[in-house]
Every structure is written in structure tokens, then in C-alpha cells.
Amino acid sequence: TSLSDANYSYRVFANDTLNNTNTSITRHVKVDIDYYIKFASPTPANNTYTVNFVYVNTTVNPALVFEDTFTEGSNTNLDAHTPDKGFNWSLLVSYNASGSMRVTASSDTVTGTSTCSSCGALYTANNRTYESANYDVVIDVNTIVAVDDPIIMVARATNNQNMYAVRLISGAGASQIYEKASGTWTALGSTFAGPSNGDEVRLRVNGTNISVWYDGVLQGSVLDATLTAVGYAGIGMGNITVAADGISTQEFDNFRAIDLGTQPTIDACILEWNGVNETMTKATSGGNVSCSANKTSLADGNYSYRVF
């Protein structure tokens with residue numbers, strides 16, 4: 001039980017009292033069920049409460065490949081920080097020794113580690129292989145900067161030589177979609193206005209369509225068939241696409257990578273309450289669902305629960 005996503009092999013040995021032994025053939029299985037089950041409000045945290053009920057509310061989203069709300073107790077380099085969902089962050093590109101990013105504990109956001117010019121850093125969001133090459137890369141912008149200090153979002157990054165990117169700069173006609181193929185950056189399509197502080201920015205790669213959205217409104221798109229491998233989503237600052245760029249006060253939060261492929265249907269959610277299983281109420285259908293259960297008339301005592 002509780003197997004992680006991976007390939008497994010197994011076989012069975014048997015022996016008798018006469019020391020005869022035999023072995024079965026080896027079989028192979030792949031576990032690849034990565035449903036993301038997340039407790040949602042008003043589910044209580046671990047604590048002591050003076051009520052006789054507990055309302056358990058969850059969301060299940062198998063399309064969510066990677067998520068990070070950047071919560072830390074102290075300032076932490078991004079590649080040393082553990083995401084909410086996903087394996088880790090890896091530094092893919094670094095220009096100038098000062099070019100790096102960190103989770104800033106006072107705001108639980110990502111900022112540059114220090115201010116620098118002609119410097120930059122780019123990190124990939126690592127998980128198991130993404131289900132398809134079609135996915136959204138999403139952030140919430142806290143501080144967008146004008147001139148030469150961009151936020152960079154990337155998709156289909158197979159290595160530091162091949163990826164799609166969007167360079168985000170404050171102001172009209174300042175932002176643009178880029179492609180890096182075999183080590184060469186090329187600007188694609190027309191420029192468009194940069195986002196505002198507080199905007200949700202979405203870089204979408206879907207087939208040959210590469211597009212950028214602010215709060216659900218399309219800002220720019222291009223058709224390009226150069227890069228088709230799945231790769232990884234990622235985030236950066238500074239001189240990734242343009243050599244003169246740097247890092248100053250750029251800041252963002254709430255990174256997500258969301259698969260756009262066909263998702264499996266969630267049949268049911270099971271609440272294990274003090275070791276006893278019961279079916280939860282499923283409020284929605286399909287692959288992205290909400291499930292809840294209300295435990296009432298509870299006696300004083302200690303309770304544990306989890307959701308399957």
C-alpha cells in the first residue's frame with residue numbers, strides 16, 4: 001500500500017520441508033496515479049477544538065502537475081525549497097554569480113536573492129514526467145518591473161538549450177513570447193503589454209499554439225511547431241532571453257503547472273476516520289472534484305483521518 005509513482009517488479013519464492021524451492025516468473029507494474037488531494041477550508045488543522053463536529057472538505061485535481069505557494073520559515077534559495085506538490089526545483093540557467101532567486105519568508109513569495117544587472121536565473125519545476133506536452137504555467141504577479149528586470153516563465157524546457165518562454169515587463173509593448181532552439185533565442189510574434197501587479201499570468205503551450213493570458217484574457221499568441229517534447233515548466237528572472245536584463249524588485253507567488261490533456265474521472269472519495277472508511281459526498285464530476293464529509297456528535301477524544 002501507499003506506493004509512490006514508479007516502476008516495480010516482483011516475483012514469489014516458495015520452499016517446502018524437503019528443501020525443494022521454486023521461483024515464479026518476474027512481473028512488472030507501473031504505478032502512475034498522481035491525484036492531488038488537498039484539504040480545503042473549512043477543514044480544521046491539527047489542533048484541539050471545543051466543538052463536537054469536524055467538517056472535512058477536499059479538492060482532487062489530477063491535472064495539477066506541480067504547485068508551490070512558497071511557504072518558508074526563513075529565507076531559502078529556491079532550489080533548496082520543497083514545493084507543495086512536485087519533487088523539487090532545479091537551477092537550469094544562472095548568469096552572473098549574483099543571479100539567483102529565493103523564497104522570502106516574510107512574504108512567502110519568490111524574489112531575487114540580491115539586486116544585480118546583466119544577471120539572471122531560471123529554475124525548472126520537477127515532477128514525474130508530465131502527462132503531455134500541452135500544459136499551462138501559471139503565477140500570480142506581486143511586483144512587475146519596467147525597463148530591464150523581467151519575470152520569465154518557460155514551458156517545454158528539455159534542457160538549457162531548448163524551451164519556450166515569455167518575458168514579462170511592465171508597460172505597453174514590453175512583453176513578448178520567445179523560443180530557444182539549439183541554444184539560440186528567437187522572439188516570436190508581436191510584443192504586448194505587460195501584466196499589472198496582482199494579475200494571474202498564464203503561459204499556455206497547446207499543440208503548436210503558444211499563448212499568454214492575464215486574468216483569463218488573451219494577450220498574445222503565436223503558432224510554432226519547433227519544440228514538441230514535453231520538457232518541464234519553469235520560472236526565472238533577469239537576463240534569460242535578453243542579455244542586458246537583471247534582477248531588482250520582481251516578485252511573484254503561487255506557481256502552478258496544469259496538464260491540459262484528457263484526465264481520468266474520479267469515481268469516489270473515501271474518508272478514513274479513525275481507521276474506518278466511509279464514502280464522502282462528491283460535489284462535482286470529472287477529473288477535478290470536491291469531496292466533503294461532516295462528522296457530527298463527536299465525543300471528547302483524539303481523532304485522525306485521511307482521504308483517498
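None of these values were measured; they are calculated from a predicted model. FYI, the numbering just counts along the sequence from 1.
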**Message:** Between Asp215 and Arg202, does the salt bridge (Lys or Arg N to Asp or Glu O under 4.0 Å) criterion hold? Intermediate values first, please.
**Reply:** CA-CA 8 Å; Asp215 287 337; Arg202 186 176 299 258; over 6 Å; no

**Working for salt bridge (Lys or Arg N to Asp or Glu O under 4.0 Å), residues Glu272 and Arg306** = CA-CA 5 Å; Glu272 182 192 277; Arg306 58 179 175 172; 3.2 Å; yes

**Trace of the side-chain contact (heavy atoms from CB on, under 4.5 Å) decision for Ser132 with Val230** = CA-CA 6 Å; Ser132 74; Val230 177; 5.8 Å; no

**Request:** Test Ile139 against Asn254 for side-chain contact (heavy atoms from CB on, under 4.5 Å), laying out the working first.
**Result:** CA-CA 5 Å; Ile139 61 169; Asn254 299 325; over 6 Å; no

**Message:** Between Trp213 and Ser211, does the side-chain contact (heavy atoms from CB on, under 4.5 Å) criterion hold? Intermediate values first, please.
**Reply:** CA-CA 7 Å; Trp213 307 69; Ser211 58; 2.9 Å; yes

**Audit row: Phe252, Met237, side-chain contact (heavy atoms from CB on, under 4.5 Å) steps and yes/no** = CA-CA 10 Å; Phe252 64 86; Met237 294 178 181; 3.8 Å; yes

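At a threshold of 4.5 Å between non-hydrogen side-chain atoms, the residues Asn126 and Tyr232 count as touching. A 4.5 Å side-chain heavy-atom check between Val54 and Trp273 finds at least one atom pair inside the cut-off. Residues Tyr95 and Ser118 fail the side-chain proximity criterion, which asks for heavy atoms closer than 4.5 Å. Side-chain atoms of Leu298 and Tyr49, non-hydrogen and from C-beta on, never get closer than 4.5 Å to each other. With contacts defined as side-chain heavy-atom distances shorter than 4.5 Å, the pair Arg102/Leu78 does not qualify. Contact check for Tyr164 versus Asp224: side-chain heavy atoms found under the 4.5 Å cut-off. Proximity of Val56 to Val307: side-chain heavy atoms (C-beta onward) are separated by under 4.5 Å at one or more points. Between Val137 and Phe255 there is a side-chain heavy-atom pair separated by less than 4.5 Å.
A salt bridge links Asp245 with Arg167: at least one charged nitrogen is closer than 4.0 Å to a carboxylate oxygen.
Just one of Val212, Asn209, Ile177 meets the side chain to side chain contact (heavy atoms under 4.5 Å, CB included) condition when paired with Val222; it is Ile177. With Leu203 as reference, Ile210 is the one residue of Asp136, Ile235, Ile210 to meet the side chain to side chain contact (heavy atoms under 4.5 Å, CB included) rule.
The CG atom of Asp199 sits 9.0 Å away from the CD1 atom of Ile144 when rounded to the nearest 0.5 Å. We find the NZ-CZ distance between Lys85 and Arg256 to be 14.5 Å, quoted to the nearest 0.5 Å. Thr208 contributes atom OG1, which lies 12.0 Å from atom CG of Leu227 (distance to the nearest 0.5 angstrom). Atoms OH and CG, on Tyr305 and Leu271 in that order, are 8.5 Å from each other to the nearest 0.5 Å. Met163 contributes atom CE, which lies 9.0 Å from atom OG1 of Thr124 (distance to the nearest 0.5 angstrom). For the atom pair CG of Asn15 and OG1 of Thr23, the computed distance is 10.0 Å after rounding to the nearest 0.5 Å.
Counting only distance, with no hydrogens or angles, the side chain of Glu200 and the backbone of Val138 share no donor-acceptor pair below 3.5 Å. Remark: the backbone N or O of Ala174 is not paired with any side-chain donor or acceptor of Gln176 at under 3.5 angstrom. Side-chain N or O atoms of Asp16 include one that pairs as donor or acceptor with a backbone N or O of Asn20 at under 3.5 Å. Lys180 places a side-chain N or O within donor-acceptor distance of the main-chain N or O of Asn160, the cut-off being under 3.5 Å. Judged by distance alone, the side chain of Asn239 and the main-chain N or O of Ala244 form no donor-acceptor pair under 3.5 Å. In this structure, Asp84 contributes its side chain and Thr69 its backbone to a donor-acceptor pair below 3.5 Å. Here the side chain of Ser94 pairs a donor or acceptor atom with the backbone of Gly99 at under 3.5 angstrom. At distances below 3.5 Å, not a single donor-acceptor pair connects side-chain atoms of Asn162 with backbone N or O atoms of Asn159. Thr43 places no side-chain N or O within donor-acceptor distance of the main-chain N or O of Ser41, the cut-off being under 3.5 Å.
Criterion: ILVMFWY side-chain heavy atoms under 4.5 Å apart, direct or through other members. Under it, Tyr123 and Ile151 are part of a common hydrophobic cluster. Both Val110 and Leu91 belong to a single network of hydrophobic side chains, linked directly or stepwise wherever heavy atoms of I, L, V, M, F, W or Y lie under 4.5 Å apart. A single hydrophobic cluster is seen to contain both Val205 and Tyr214, as judged by linkage of ILVMFWY side chains at heavy-atom distances under 4.5 Å, directly or through other members. Val166 and Met101 fall within a single hydrophobic cluster, where Ile, Leu, Val, Met, Phe, Trp and Tyr are joined by side-chain heavy atoms under 4.5 Å apart, directly or via other members.
Considering all non-hydrogen atoms of both residues, Pro195 and Ser175 come closest at CD-OG, 4.3 Å. Gly238 approaches Ile152 most closely through the heavy-atom pair O-CG1, 4.1 Å. Shortest non-hydrogen contact noted between Leu188 and Glu179 is CD1-CB, 3.6 Å. Among all heavy-atom pairs drawn from Ser90 and Asn88, the shortest one is OG-OD1, 3.8 Å. Heavy-atom minimum distance, Ser114 versus Ile247: O-CG2, 3.6 Å. Residues Asn57 and Ser292 share a closest heavy-atom pair of OD1-CB, 3.8 Å.
A tilted orientation is assigned to the rings of His81 and Phe70, their planes being inclined by 30° to 60°.
Side chains of Thr296 and Asn52: no donor on one and acceptor on the other come within 3.5 Å. Under the 3.5 Å distance criterion, with hydrogens and angles disregarded, no donor-acceptor pair is assigned to the side chains of Asn142 and Asp253. In summary, the side chains of Trp89 and Asn77 do not present any donor paired with an acceptor at a separation below 3.5 Å, with no hydrogens or angles considered. Under the 3.5 Å distance criterion, with hydrogens and angles disregarded, no donor-acceptor pair is assigned to the side chains of Thr104 and Thr109. Side chains of Asp149 and Ser248: a donor on one and an acceptor on the other come within 3.5 Å. Counted by atom type alone, Thr113 and Ser100 present one or more donor-acceptor pairs between their side chains at under 3.5 Å. Side chains of Asn206 and Tyr135: a donor-acceptor N/O pair is absent below 3.5 angstrom, by distance only.
No more than 12 heavy-atom neighbours from other residues, nucleotides or ligands sit within 6.0 angstrom of CZ on Phe53. Atom CG of Asn47 has more than 12 neighbouring heavy atoms from other residues, nucleotides or ligands inside a 6.0 Å radius.
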